[in-house]
Each structure stands twice: as structure tokens, then as C-alpha cells.
Amino acid sequence: MPQMSMIEAIRDAMDVKLGLDEDVVVYGEDVGYFGGVFRCTHGLQKKHGVSRVFDTPINESGIVGTAIGMAAYGLRPCVEIQFADYIYPAYDQIVSEAARMRYRSNGDFTSPITIRTPCGGGIFGGQTHSQSPEALFTHIAGVKTVIPSNPYDAKGLLISAIEDDDPVIFFEPKRLYNGPFDGHHDRPASNWSKHPLGDVPEGHYTVPIGKASIFSEGNDVTILTYGTMVFVAEAVKAETGIDAEIIDLRSLLPLDIDTIVESVKKTGRCMVLHEATLTSGFGAELSAQVQERCFYHLEAPVVRVAGWDTPYPHAQEWDYFPGPKRVGQELRNMMEAV
Amino acid sequence: MADYAPLKFSVPEPTGRPGDEPDFTGIEIPEAGSARRPEIDAKASSMKELASTMVRVLDDDGNAVGPWADGLDDEELLKGLKNMIRVRIYDERMMTMQRQGKTSFYMKCTGEEAIAIGFQAATRKGDMNFPTYRQQGLLLATDYPMVDMICQILSNSRDPLKGRQLPIMYSSKEHGFFTISGNLGTQFIQAVGWAMASAIKGDTKIASGWIGDGSTAETDFHAALVNASVYKPPIVLNVVNNQWAISSFRGIAGGDDATFAERALGYDIAALRVDGNDYLAVHSASKWAIERARRGFGPTFIEWVTYRVAPHSTSDDPSQYRPKEESEAWPLGDPIERLKTHLINKGVWSEERQTQAESEFNDEVRAATKEAEKYGVMGSGSSPKDMFDDVFKEMPQHLREQRQKLGV
């Protein structure tokens with residue numbers, strides 16, 4: 001199988017769908033001729049034509065608003081919001097329109113659109129290029145929220161998202177674009193070329209939306225996580241020697257609650273780990289569900305480790321980021337709890 | 001000290017409030033027939049004055065004059081008149097139903113009937129309107145069943161939208177009527193997207209966006225204009241300037257000293273400002289813009305100048321914020337009266353036939369109402385089970401669990 005970075009895998013997913021389905025269009029800011037600021041659409045315009053892959057004005061509500069109109073016509077737009085931090089002008093179109101279309105029209109109109117957007121920090125992007133706003137979307141009825149952590153899942157999930165008949169917010173953890181990042185920012189970066197999850201099949205395949213993956217099996221504690229934090233959790237497991245079961249949720253809504261419950265009942269402990277701010281973050285939902293469904297199997301309180309409730313800072317990035325040191329300490333603490 | 005006077009904060013005020021005499025002297029009404037009619041492929045920059053004047057066809061005596069008077073034969077005009085009467089009678093009946101407690105909410109379009117009816121007569125099957133809540137005329141002008149519309153208003157067991165939507169927020173893809181949103185202005189940019197799709201696919205269908213004067217202040221209005229300007233899709237961007245957004249006059253949307261149509265000029269979009277109470281002008285301008293779009297000459301922005309005679313909704317009381325006699329004083333008159341006079345002048349209509357038509361439509365609406373009420377009123381007959389369907393195409397586990405908790 002060819003070895004791909006997450007950028008290449010995401011590009012390949014769009015390339016495959018543009019090739020197979022004439023109703024797929026790809027557009028966004030700098031997406032056309034240039035191929036996107038992260039290069040995710042590089043070469044697609046040249047290959048599929050300017051009517052299928054094109055640039056847009058700097059107008060996020062317009063990008064999503066036009067996608068909703070195109071979908072009402074019968075197309076399957078896959079649009080890019082350049083940074084998740086820029087998605088807020090499109091929020092009304094996503095929440096009040098795309099998410100509600102099928103429901104309010106009783107299926108007369110639907111919104112099979114995919115909104116790709118790079119999220120998360122670790123690139124010194126400051127507060128306007130680092131946010132993780134997934135909980136703002138999981139709270140909304142009618143929209144699916146997906147976040148892959150590696151090239152294989154990214155391609156398979158993006159193809160699933162484009163083929164999905166409902167709107168999907170597709171978060172791309174930008175710190176993982178080029179390689180698995182374990183949170184040790186002071187060590188040399190690794191890339192996907194040496195990682196098994198960088199083995200990406202050519203052509204069409206899907207990873208189903210709504211299925212978590214057991215990233216690493218273990219018996220003593222379950223770590224529920226997604227996106228960039230998957231590899232932080234993996235590093236912490238190795239460094240602490242704690243036999244953690246790491247679950248990469250991949251899809252936050254729909255949520256694979258069965259896999260979560262099965263794991264927590266087995267391990268009796270649960271840590272919820274994400275980069276987004278703590279309060280009302282998706283971890284709160286996970287924590288509540290685990291408590292409701294696994295209470296009598298829990299040997300310790302569910303612990304949340306997350307970004308602090310501050311804007312994402314620039315110079316203090318690594319104090320904000322829940323890195324291996326902080327996660328490791330929290331994990332040790334909870335294992336010591338009776 | 002510096003010679004600067006203290007700055008003053010400015011909040012525009014309308015020319016009249018309750019108790020005042022209505023004053024429309026600020027609205028200039030050009031003579032019927034005075035506006036030029038460009039070719040449909042005219043460059044936007046070559047027809048700028050049409051954003052400031054007003055396309056009018058019917059003069060004060062009810063005669064059709066000038067270059068925009070064209071084409072419609074007596075039969076088409078009579079159909080237009082009848083459709084307008086039908087909408088007005090429908091509105092009155094639905095308003096009464098709300099007062100009787102059979103529905104929670106209604107919105108009339110009294111005084112604005114010509115716009116939707118005249119526009120729809122110029123579209124083709126397959127075109128798509130993205131309406132606001134005050135374009136019921138677009139749907140009533142098609143063969144969409146009136147009973148289904150009333151069932152939607154009653155949220156009963158035959159409500160096509162299963163009780164999920166506020167009354168009057170109809171949806172019918174088949175009839176070119178996009179599902180109405182209560183979030184204002186969102187549909188304007190969606191219409192541009194639909195039109196872009198039509199062009200991407202090499203189709204010949206056109207889209208029509210609709211928005212009110214108040215909602216032109218929304219960001220999606222700008223989004224629509226900038227994207228229409230960039231991609232030049234087959235679209236007509238309609239602004240219904242009925243002077244009032246609930247209690248805010250058009251000046252609160254920045255439309256006091258500049259016309260709404262003039263906003264299109266900065267985007268290099270062809271713009272027309274049209275007497276919205278003149279059925280002939282409405283139809284002629286609509287036909288021009290729709291043909292321009294369908295022939296690939298790009299978007300047209302139309303400001304329809306009209307007056308909201310009705311309250312904003314059944315929850316509104318305009319006597320609290322505008323002069324009581326304002327609608328009577330509106331200088332563009334009543335669209336039904338004006339077309340009626342024109343057709344009587346032509347010798348193809350009469351007061352008797354008008355009364356007869358009103359009576360026939362009264363019967364039709366009454367019968368449709370009676371039929372619809374059989375399926376329940378005020379939400380009766382709708383099922384709590386319907387609440388959980390269609391959130392997604394396939395119901396996810398968490399919704400199945402929640403539905404089970406409700407026990408349905």
C-alpha cells in the first residue's frame with residue numbers, strides 16, 4: 001500500500017470521490033488554484049477542472065450557505081473552512097440550516113455536505129489558529145461530528161462523510177497532518193512514512209462514521225480520546241507503564257457508546273482526554289455517559305484532562321496543551337485512587 | 001481647546017409615529033413609463049440609473065405605458081388578478097383561524113400580493129424559489145394543494161411537515177418552494193448556491209432568492225451579493241422593501257437615503273427598482289431578470305417597492321409604532337385595485353366579476369379549511385413519534401434511546 005501523510009490521504013479521498021461522483025464539488029478559501037494553505041486540495045483543480053474545485057471569497061457563511069443551496073439542488077459539496085477558528089461566521093448556516101434541513105422539510109430537502117476544517121494547536125497558531133470547537137457541533141441536533149487521528153482513518157472517514165446523506169463536520173487535527181505527534185514538542189518531529197497507519201490503500205474504501213477504534217488494548221484504565229491526543233495517550237501509556245486501553249473515538253456524534261461502555265466495565269477506570277477547553281467540552285458528555293452507564297463498575301471517579309478554560313495562548317502554548325507530563329501525572333494520580 | 005463640537009449619535013426615525021399624519025413625501029415616485037428598458041444582456045454598469053428610479057407600467061388612470069409594458073395577454077392578466085384575490089382571501093381566512101385558536105400563528109402579505117404572483121408567472125417548472133415567510137403567493141400560484149398548506153398551518157395529522165415547523169413555513173421541492181427558515185436572510189445565500197449548482201451542471205434552471213428590507217442588514221445578504229458577483233450564477237435576488245421590519249422602518253436597515261437596489265451596483269450586479277404594487281411592472285421586470293439569468297447573463301438584483309399593510313404577524317400590533325392611516329396613504333396604492341382598474345379599462349373585467357371572483361375564492365378557501373380541519377387543529381393529530389424521525393436519515397442509537405424513554 002502507498003504510504004501517505006494525513007494531508008495526502010485527505011486529498012486522495014477527495015480525488016477518489018471527485019472521480020467517482022460527478023455531483024461532488026470541492027471549494028473554499030485558497031482551495032482551487034493554490035491547493036489550500038495546508039495543501040489538502042493540491043492538484044485537484046488541475047485534475048478535475050475549475051467547475052469542480054474552486055476558490056471562494058473570504059466568506060465562511062457564504063461557503064456553507066452556498067453548499068446548502070448546492071446540496072438542495074442535488075450536489076454533494078465538500079467544502080473547506082481554512083481554520084476551525086474561522087467557522088463561527090458559518091455557524092448559523094450549519095446550526096440553523098444544514099442541521100435542520102431534513103427535519104424541518106420532512107425529508108423534502110436534505111444537506112449532504114461535508115465541512116472540512118483543520119483544528120487543534122501545537123503549531124504556534126495562537127488563539128485564532130488553534131481552537132478545537134467540536135463541542136459546539138456535538139450539541140447540535142442534525143449534524144455529525146468526525147475527527148480522525150491518522151491517514152488511514154482520515155481517508156476512509158472523509159469518503160464516508162462525503163457519501164453521508166447528512167451534514168458532517170470533519171475536523172482535521174492539523175498537528176497530525178505530517179506525522180503522529182506525541183506531545184513531546186521538544187523532540188524531533190516524526191512523519192507518517194514510518195507509521196503503520198500511514199499505509200493507505202489506493203482507491204475507494206470507507207471507515208464507518210459512528211464506530212470508535214480501540215487504538216491500544218489494555219486492562220487497567222480506559223482513556224477516551226480523539227484527534228491529536230490519541231498519540232499523547234499512547235506516549236503516556238508507554239512512559240508510565242500503566243496498562244491503559246486507549247479508545248480513539250473517531251466519531252463524536254454519533255458516538256460509539258457500546259465500545260466505550262464495554263471497555264470501562266472491563267477496566268473500571270476512565271480518563272477523558274481532549275485538547276479543547278474543559279468546561280462544557282465534549283469530555284463532560286463522555287464523563288456523564290460513563291457515570292450513567294458504568295457507575296457500579298467504576299473504582300475511581302472519571303477524570304477529565306483537557307485544555308485550560310482560557311483562550312488558546314501563543315507563547316504559553318505548551319503550558320496550555322495537555323501534554324504527556326500533565327496527562328501522565330493525572331493518570332498516575334487516578335491509578336493511586338482507591 | 002480644539003474647535004470640535006461634541007459628536008452626536010444618530011438613530012434614524014421614520015416620518016411618522018402613532019398619532020402623526022402619514023408622510024411619504026420622501027419617497028419619490030417617477031412617472032409610469034419613464035424608466036428605460038435595457039437589453040437583457042446589458043452590462044450592470046450601463047444601467048445604473050435603474051437602481052435609483054422606479055420601473056412602473058400602470059399610470060394613475062390604470063393604463064399600461066412605457067417600454068416595460070409588454071406581452072401579457074388578457075388571459076394572463078386576469079389570471080394574475082385572480083391569483084392575487086385568492087391570496088388575499090386565503091390570508092384573511094387563515095388570520096381568522098388564528099383568532100379562533102385553531103393555529104398558533106399566521107403572517108399575511110396584504111398589499112404585497114403582486115410581487116409573488118407576478119414573479120411566479122414568469123418562472124418555469126424546475127426553477128427554485130428561496131422564499132421568506134411572506135411569499136405564500138409563490139406557492140399559491142402553483143398547483144400545490146391549498147388543503148396541504150392549511151394542514152401545515154394547523155399542524156394536524158396531514159401536516160406535510162409533521163408538526164415540526166412553525167405554521168406557514170411550507171416546503172415543496174416539487175413546486176419550486178424551498179423550505180422556509182425562521183432565521184432571517186439565510187436563504188439568500190443558499191439561493192446563490194443553488195444557482196451555482198445549476199451552472200456547474202450545465203442546466204438551464206434559475207434560482208430566486210427572497211429577502212425583506214430589514215433582513216438586508218444580515219451578513220448573508222452580503223454573502224449572497226458577493227458570491228453572485230463573483231460566480232455570476234443564474235439568479236434573481238429579490239428584496240421586498242415593504243418599509244417595515246416589525247417595528248423598525250427601512251432606515252434602521254440603512255435604507256433611508258439610499259435605495260436598496262443601489263447596493264447591488266458596488267458588486268457589479270444589474271439592479272432594478274420596481275413598483276411592487278404594479279402587477280404589470282412586476283411581471284415585466286421578473287421576466288427580464290429571469291430571461292437574463294437563463295440566458296447566462298448573470299444575476300439581477302430587484303428591489304420591489306411596496307408597503308406592508310398587514311401586521312408583521314398575528315403577534316404584532318402596528319398601531320403601536322406607525323401612523324394608523326399610513327397604509328391608506330401609501331402612494332403606490334393597492335395592487336389588486338390597480339390591476340382591476342386596468343382590466344376594467346380594457347373592457348375585460350367588471351366590478352360584478354370582481355365580486356363574483358371574491359365569492360368563488362371565499363368558497364374555495366372555506367371548503368379547503370373545512371377539509372383540513374377534519375384532520376385536526378392546533379397540533380392535534382400530530383404524533384410525538386414524528387419528533388424523533390428525520391433528525392438524521394438513519395436514527396442513531398442515542399435518539400432511539402431517547403424515544404424509548406418518552407415511550408413512543
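Just so it is clear, the structure is predicted and the values come from calculations on it, not from any experiment. Throughout, a chain's letter reflects where its sequence line sits, starting with A, and its residues are numbered from 1.
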Between Asp108(A) and Lys173(B), is the closest basic N to carboxylate O distance under 4.0 Å? no
Does anything in residues 251-260 of chain A reach chain B? List residues with heavy atoms under 4.5 Å apart, or say none. Leu253(A), Pro254(A), Ile257(A), Asp258(A)
Measuring heavy-atom distances to chain A, does Met169(B) have an atom under 4.5 Å in its side chain, in its backbone, in both, or in neither? neither
Charged N to carboxylate O under 4.0 angstrom, Glu401(B) versus Arg293(A)? yes
Any chance you could measure Ile68(A), atom CD1, to Ile189(B), atom CD1, to the nearest 0.5 Å? 9.5 Å
If you count heavy-atom pairs under 4.5 Å with chain B, which of Gln289(A), Lys144(A), Arg52(A), Glu60(A) comes out on top? Lys144(A)
With respect to chain A, which residue among Glu394(B), Lys205(B), Lys201(B) yields the maximal number of heavy-atom pairs within a distance under 4.5 Å? Lys201(B)
Which atoms form the tightest heavy-atom contact between Ala72(A) and Phe178(B), and what is the distance? CB-CE1, 3.7 Å
Using a 4.5 Å cut-off on heavy atoms from C-beta on, say whether the side chain of Pro57(A) contacts that of Tyr231(B). yes
Quick one: does Asp390(B)'s side chain have a donor or acceptor within less than 3.5 Å of a partner on Asn106(A)'s backbone? no
Name the option with the most non-hydrogen atom pairs under 4.5 Å to chain B; the candidates are Gly62(A), Gly49(A), Gly74(A), Gly65(A). Gly65(A)
Do Ile200(B) and Met70(A) have side chains that approach each other closer than 4.5 Å (heavy atoms only, starting at C-beta)? yes
Backbone N/O of Thr179(B) and side chain of Arg104(A): donor-acceptor pair under 3.5 Å: yes
With respect to chain B, which residue among Thr110(A), Asp92(A), Val64(A) yields the maximal number of heavy-atom pairs within a distance under 4.5 Å? Asp92(A)
Return the minimal non-hydrogen interatomic distance between Leu75(A) and Ala197(B), and the atom names on each side. CD1-CB, 3.5 Å
Would you indicate whether Lys405(B), at its atom NZ, is surrounded by more than 12 heavy atoms from other residues, nucleotides or ligands within a distance under 6.0 Å? no
Check the side chains of Gln93(A) and Gln190(B) for a donor-acceptor pair under 3.5 angstrom, ignoring hydrogens and angles. yes
Are Tyr103(A) and Phe392(B) close enough that their ring centers fall under 6.0 Å? no
I'd like to know if the side chain of Asn183(B) and the backbone of Ser96(A) have a donor-acceptor N/O pair within less than 3.5 Å. no
For His139(A), does the NE2 atom have more than 12 heavy-atom neighbours from other residues, nucleotides or ligands under 6.0 Å away? no
Pair Asp220(B), Ser61(A): side-chain N/O donor-acceptor within cut-off below 3.5 Å: yes
Are there more than 12 heavy atoms of other residues, nucleotides or ligands under 6.0 Å from atom CD1 of Ile58(A)? no
Let's test your reading of the structure: which of Pro160(B), Gly182(B), Ser198(B), Ala191(B) forms the most heavy-atom pairs below 4.5 Å with chain A? Ser198(B)
Looking only at Ile63(A), Asp164(A), Val143(A), most heavy-atom pairs under 4.5 Å shared with chain B are made by Val143(A)
Region of Ile180(B) in contact with chain A, defined by heavy-atom distances below 4.5 Å: backbone
If you count heavy atoms of other groups shown closer than 6.0 angstrom to CD of Gln397(B), is the number above 12? yes
Step by step, work out the side-chain contact (heavy atoms from CB on, under 4.5 Å) result for Tyr73(A) and Asp203(B). CA-CA 11 Å; Tyr73(A) 177 93; Asp203(B) 204 340; 2.4 Å; yes
Please check if atom CD in Glu163(A) has more than 12 non-hydrogen atoms from other residues, nucleotides or ligands closer than 6.0 Å. yes
If I measure from the heavy atoms of chain A, does Pro233(B) come under 4.5 Å with its side chain, its backbone, both, or neither? neither
For the OH atom on Tyr205(A), are there more than 12 heavy atoms of other groups (residues, nucleotides or ligands in this structure) within a distance under 6.0 Å? yes
If I measure from the heavy atoms of chain A, does Val230(B) come under 4.5 Å with its side chain, its backbone, both, or neither? side chain
